[in-house]
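Below, chain A is the first sequence line, B the second, and so on; all start at residue 1.
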Amino acid sequence: MLEKFTVIRGRAVPLRGEDIDTDRIIPARFMKVLTFEGLGQYLFYDERFDEKGNPKPHPLNDPRYQGATILLVESGFGSGSSREHAPQAIKRAGFRAIIGESFAEIFFGNATAIGLPCVTLAPEDLGVLFQRVEEDPSLEIEIDLVNKEVRFGDRVAPLFLREEAREALVEGLWDPIGELLEAGELLDQFDQKLPYPRRAE
Amino acid sequence: MGKTLYEKVWEAHEVRKLRNGQSQLFIDLHLLHEVTSPQAFGMLKDLGLRVRYPHRTFATVDHIVPTHDRTEPFQDPLAQSMLEALRANTREHGITFFDLGSGNQGIVHVIGPQLGLTQPGMTIACGDSHTSTHGAFGAVAFGIGTSQVRDVLATQTLAAQKLKVRRINVEGKLSPGVYAKDVILHIIRHLGVKGGLGYAYEYGGSAVEAMDMESRMTLCNMSIEGGARVGYVNPDETTFQYLEGRPYAPKGPEWEEAKKRWLSFRSDPDAHYDDVVTFRAEEIAPTVTWGITPGQAIPIDGRIPLLEELPEEERPVAEEALAYMGFKPGQPIKGVPIQVAFIGSCTNARLSDLREVARYLKGHKVKKGVRALVVPGSEWVAKKAEEEGIAEVFREAGFEWRMPGCSMCLAMNPDRLEGDELCASSSNRNYKGRMGSPRGRTVLMSPLMVAAAAVAGEIADAREVFGVVGAR
């Protein structure tokens, strides 16, 4: 049974920056692995550590945000490479959801498929949320996927999430493999009907 | 109301609707490489599943391959283990694997078309965002994550959401010295790196129709850099001429049947588009990036924008880019010294790319102090380039002639930038740290512009360096 995401509560890390690409989220050299295990430690590695491995000032290194489970981002987050290693690293670093202004297509799909909700707020609400979290890192945030709103302090902001993704997350259908397999013999019909490349004898 | 190619292909491959409203989409052709597949095979095993239709999956190794010495075991044991995992997984599941030395190994998006695996009207998926390249043939091709690689292996389908379609016309005639790479950089510069979110891009217009297949591949390749997961060109006579006789293309009576079927996928003249944008080919100059996103680009004779010239929302990234690149607002891009020149990648490492550069490079020398690499896209491209004397032209000029792979484009192999080296590159991404050094700098451009930079030792106008005839 997959987890049903209804309300996600937690503190957030504010990560400013537009168009943050997946190479920044997880540099390619850390993808020389056969499993996703342990990827969390390399999250934003080159932004968090210098070439000698010493920590640099970065929200993810800031003790005030330790233990936060929501990642706060701006627009165009997750652009570039299709590497699922990026959302996997975020999830394995302990994050349960991402709130932003917009997400790159492939990143959004990959994150949803591994049960990492990416929800969108209107720019004004997102701006207020960033400001509040930066002022008070202990601020508790509630992402309510059922009532489609994000609550923090005295504020209630409508959240946006593609309906099919929201439904998949709320109903615990975000990993589609079970449902895809149900198609059974229908798949054989398509395999027989649609041409595939064959090398001439 | 007519339909677009995208809609027709979608309808032909929609198996059924899923409970959350998404479609279950059948994937005709699945391509694998060593980086994004091992976890998928692991998940398959955990679920006790097999590859359902192994005849629809083809694999090669490209990202981690050293390009200077392929002696096994590789110096990097992690790279070797990834190669071994792909060998074992493809063997176990009966998947065709184009291994090193097979004559068909290469960058996955170079070998698909070259072998005739990529065909019009297909749905094509691969765990790599540059899968959009295959759209050049009128296929609906897109990158997927590893969990979806698992889904395709197990069911040959995935859960997908239909995109909107934006028609992008490029009308007129490209000037000499201006290539498909300049066209796509120009498009992204104007529509932005987020402009394509939610869209498939259909490229057309007289300049696109006049392009050869390999130029169309360059164009479609970088759709994802514009935010569009899918980019395609309608199939035509140019497409068919390219495909005819390729190892996996239909033969004999099947060939004529296939052509008829392929033509039926073309967008109807009265198709509805969610958006239409038109560019003039004559207005496109050799284009280069100056920043850390592919949208931060200017014509070669342009200046890096002043912050106040940019829309407010673009200024923070522009400031970040200026600081990272070490550039000043308003400075010309021409004349910036380079340390590395790289011709390669799934964007620009095909035979026609190398031929075009060799045509001009003959008799020129790489500037002293510049490290210049050319990495052919596949073993076949490398072989043809040797036969045609192209490889020798590069070597003679002072380029290192390497073996096929992704090389420096993403530096998952020994090829990488050091420190804050600046690289003139024919690849597709100028992200921070992309080429392997956390401070390394990438300036994207066409292969001929890379050659010009290598010769001049600085960012230069290829039309001037090589005296391109008829150039403005």
Undergrad: Tell me, for Arg246(B) versus chain A, whether the close heavy atoms (under 4.5 Å) come from the side chain, the backbone, both or neither.
TA: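 No part of it gets close to chain A.
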Undergrad: Salt bridge or not between Lys194(B) and Glu18(A)? Use side-chain N to carboxylate O under 4.0 Å.
TA: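 Here Lys194(B) pairs with Glu18(A) in a salt bridge, since their nearest N and O are under 4.0 Å apart.
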Undergrad: How long is the gap from CD on Glu313(B) to OG on Ser75(A), to the nearest 0.5 Å?
TA: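 If we round to the nearest 0.5 Å, Glu313(B):CD and Ser75(A):OG are 8.5 Å apart.
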Undergrad: Which region of Pro195(A), side chain (C-beta onward) or backbone (N, CA, C, O), has a non-hydrogen atom less than 4.5 Å from a non-hydrogen atom of chain B, or is it both or neither?
TA: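 When you check distances to chain B, atoms from both the backbone and side chain of Pro195(A) fall under 4.5 Å.
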Undergrad: Measuring from Glu179(A):CD to Thr157(B):OG1, what's the distance to the nearest 0.5 Å?
TA: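 Output value for this atom pair is 10.0 Å.
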Undergrad: Count the heavy atoms belonging to other residues, nucleotides or ligands that lie under 6.0 Å from CD of Glu124(A), then report whether that count exceeds 12.
TA: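 Open.
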Undergrad: Is chain A contacted by the side chain of Phe26(B), its backbone, both, or neither, given a heavy-atom distance below 4.5 Å?
TA: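 Contact with chain A involves the side chain of Phe26(B) alone.
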Undergrad: Under a 4.5 Å heavy-atom cut-off, does chain B meet the side chain of Glu74(A), its backbone, both or neither?
TA: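 Neither; nothing under 4.5 Å.
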Undergrad: Report the residues that fulfil salt bridge (Lys or Arg N to Asp or Glu O under 4.0 Å) with Glu320(B), sequence neighbours left out, ordered by chain and then residue number.
TA: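 Salt bridge (Lys or Arg N to Asp or Glu O under 4.0 Å) check on Glu320(B) returns Arg24(A), Lys432(B).
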Undergrad: List for me each residue that meets side-chain hydrogen bond (donor to acceptor under 3.5 Å, both in side chains) alongside Gln189(A), sequence neighbours excluded, and say none if there are none.
TA: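 Gln189(A) satisfies side-chain hydrogen bond (donor to acceptor under 3.5 Å, both in side chains) with no residue once adjacent residues are dropped.
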Undergrad: Let me know if Asp188(A) has heavy atoms under 4.5 Å from chain B in its side chain, its backbone, both or neither.
TA: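 Interface part for Asp188(A): both.
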Undergrad: Can you tell which of Ile144(B), Thr36(B), Thr293(B) has the highest number of heavy-atom pairs within less than 4.5 Å of chain A?
TA: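 The candidate making the most pairs under 4.5 Å is Ile144(B).
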Undergrad: Check each atom of Leu180(A) against the heavy atoms of chain B and say whether the ones under 4.5 Å are side chain, backbone, both or neither.
TA: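 When you check distances to chain B, atoms from both the backbone and side chain of Leu180(A) fall under 4.5 Å.
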Undergrad: Before you tell me yes or no, could you show the steps for Val193(B) and Ser79(A) under side-chain contact (heavy atoms from CB on, under 4.5 Å), namely the whole-Å CA-CA distance, both residues' side-chain angles and the distance that decides it to 0.1 Å?
TA: CA-CA 8 Å; Val193(B) 293; Ser79(A) 59; over 6 Å; no
Undergrad: Look at His63(B), Arg261(B), Arg52(B) and state which one has the largest set of heavy-atom pairs under 4.5 Å with chain A.
TA: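 Option with the greatest count: Arg52(B).
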Undergrad: Please rank Glu47(A), His85(A), Arg83(A) by heavy-atom pairs under 4.5 Å with chain B and give me the top one.
TA: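 Ranked by heavy-atom pairs under 4.5 Å with chain B, first place is His85(A).
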Undergrad: Rounded to the nearest 0.5 Å, how far does CZ of Arg199(A) lie from CG of Leu115(B)?
TA: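 Leu115(B) atom CG to Arg199(A) atom CZ measures 6.5 Å (nearest 0.5 Å).
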Undergrad: Assess whether salt bridge (charged side-chain N to carboxylate O under 4.0 Å, His left out) is satisfied between Arg439(B) and Glu51(A), documenting all intermediate values.
TA: CA-CA 9 Å; Arg439(B) 293 186 291 126; Glu51(A) 281 160 281; 2.9 Å; yes
Undergrad: Going through the distances and angles, do Asp76(B) and Lys32(A) end up as a salt bridge (charged side-chain N to carboxylate O under 4.0 Å, His left out)?
TA: CA-CA 10 Å; Asp76(B) 179 351; Lys32(A) 275 191 264 179; 2.6 Å; yes
Undergrad: Heavy-atom pairs under 4.5 Å with chain A - which of Asp28(B), Leu47(B), Thr131(B), Leu163(B) has more of them than the others?
TA: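 Of the candidates given, the most pairs with chain A belong to Asp28(B).
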Undergrad: Has Gln24(B) got a side-chain atom pairing as donor or acceptor with Ala183(A)'s backbone, closer than 3.5 angstrom?
TA: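 Not a single qualifying donor-acceptor pair exists.
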Undergrad: From Arg19(B) CZ over to Glu171(A) CD, what is the distance, rounded to the nearest 0.5 angstrom?
TA: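 Those atoms lie 10.0 Å apart.
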Undergrad: Does anything in residues 146-155 of chain B reach chain A? List residues with heavy atoms under 4.5 Å apart, or say none.
TA: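 Within residues 146-155 of chain B, near chain A: Thr146(B), Ser147(B), Gln148(B), Arg150(B), Asp151(B), Ala154(B), Thr155(B).
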Undergrad: Give the table of side-chain donor-acceptor pairs shorter than 3.5 Å for residues 99-110 of chain A, with sequence neighbours excluded, one pair per line with atom names and distance.
TA:
from, atom 1, to, atom 2, distance (Å)
Ser102(A), OG, Gly76(A), N, 2.9
Glu105(A), OE1, Gly198(B), N, 2.6
Glu105(A), OE2, Arg162(A), NH2, 2.5
Asn110(A), OD1, Gly145(B), N, 3.1
Asn110(A), ND2, Ser82(A), O, 2.9

Undergrad: Chain A heavy atoms under 4.5 Å from Asn428(B): which part of the residue, side chain, backbone, both or neither?
TA: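 Neither part.
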Undergrad: List the steps, then state whether side-chain contact (heavy atoms from CB on, under 4.5 Å) holds for Arg16(B) with Leu186(A).
TA: CA-CA 9 Å; Arg16(B) 58 185 193 140; Leu186(A) 196 51; 4.2 Å; yes
Undergrad: With a 4.5 angstrom heavy-atom cut-off, which part of Glu34(B) approaches chain A: side chain, backbone, both or neither?
TA: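 Neither part; nothing is under 4.5 Å.
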Undergrad: When only pairs under 4.5 Å are counted, which of Asp175(A), Asp23(A), Leu194(A) shares the most heavy-atom pairs with chain B?
TA: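 It is Leu194(A).
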Undergrad: What's the separation between atom CD in Gln22(B) and atom CD in Glu163(A), rounded to the nearest 0.5 Å?
TA: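 These two atoms lie 11.5 Å from each other.
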Undergrad: Chain A heavy atoms under 4.5 Å from Leu29(B): which part of the residue, side chain, backbone, both or neither?
TA: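 Only the side chain of Leu29(B) comes within 4.5 Å of chain A.
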Undergrad: side-chain contact (heavy atoms from CB on, under 4.5 Å), that's the test. Do Leu173(A) and Leu18(B) meet it? Break it down for me.
TA: CA-CA 10 Å; Leu173(A) 298 169; Leu18(B) 298 172; over 6 Å; no
Undergrad: So what's closer than 4.5 Å to chain A heavy atoms on Phe58(B): side chain, backbone, both or neither?
TA: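 The side chain, not the backbone.
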Undergrad: Counting heavy atoms not belonging to Glu135(A), are there more than 12 under 6.0 Å from its CD?
TA: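 Correct, the count exceeds 12.
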Undergrad: Met82(B), Met43(B), Lys251(B): which one forms the most heavy-atom pairs within less than 4.5 Å of chain A?
TA: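 Most heavy-atom pairs within the cutoff with chain A belong to Met82(B).
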Undergrad: Non-hydrogen atoms of chain A under 4.5 Å away: do they reach the side chain of His13(B), the backbone, both or neither?
TA: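 Its backbone and side chain both get close to chain A.
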Undergrad: Can you tell me if Lys4(A) has over 12 outside heavy atoms packed within less than 6.0 Å of its NZ?
TA: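 Count not over threshold, so no.
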Undergrad: Roughly how far apart are Tyr196(A) OH and Gln156(B) CD, rounded to 0.5 Å?
TA: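 If we round to the nearest 0.5 Å, Tyr196(A):OH and Gln156(B):CD are 11.5 Å apart.
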Undergrad: Counting only non-hydrogen atoms closer than 4.5 Å, does Ile224(B) touch chain A with its backbone (N, CA, C, O), its side chain (CB onward), both, or neither?
TA: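 The side chain, not the backbone.
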Undergrad: With respect to chain B, which residue among Gly184(A), Gly80(A), Ala113(A) yields the maximal number of heavy-atom pairs within a distance under 4.5 Å?
TA: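 The option with the most such pairs is Gly80(A).
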Undergrad: Could you please spell out the steps behind the side-chain contact (heavy atoms from CB on, under 4.5 Å) verdict for His55(B) and Asp191(A)?
TA: CA-CA 10 Å; His55(B) 53 279; Asp191(A) 178 50; 3.0 Å; yes
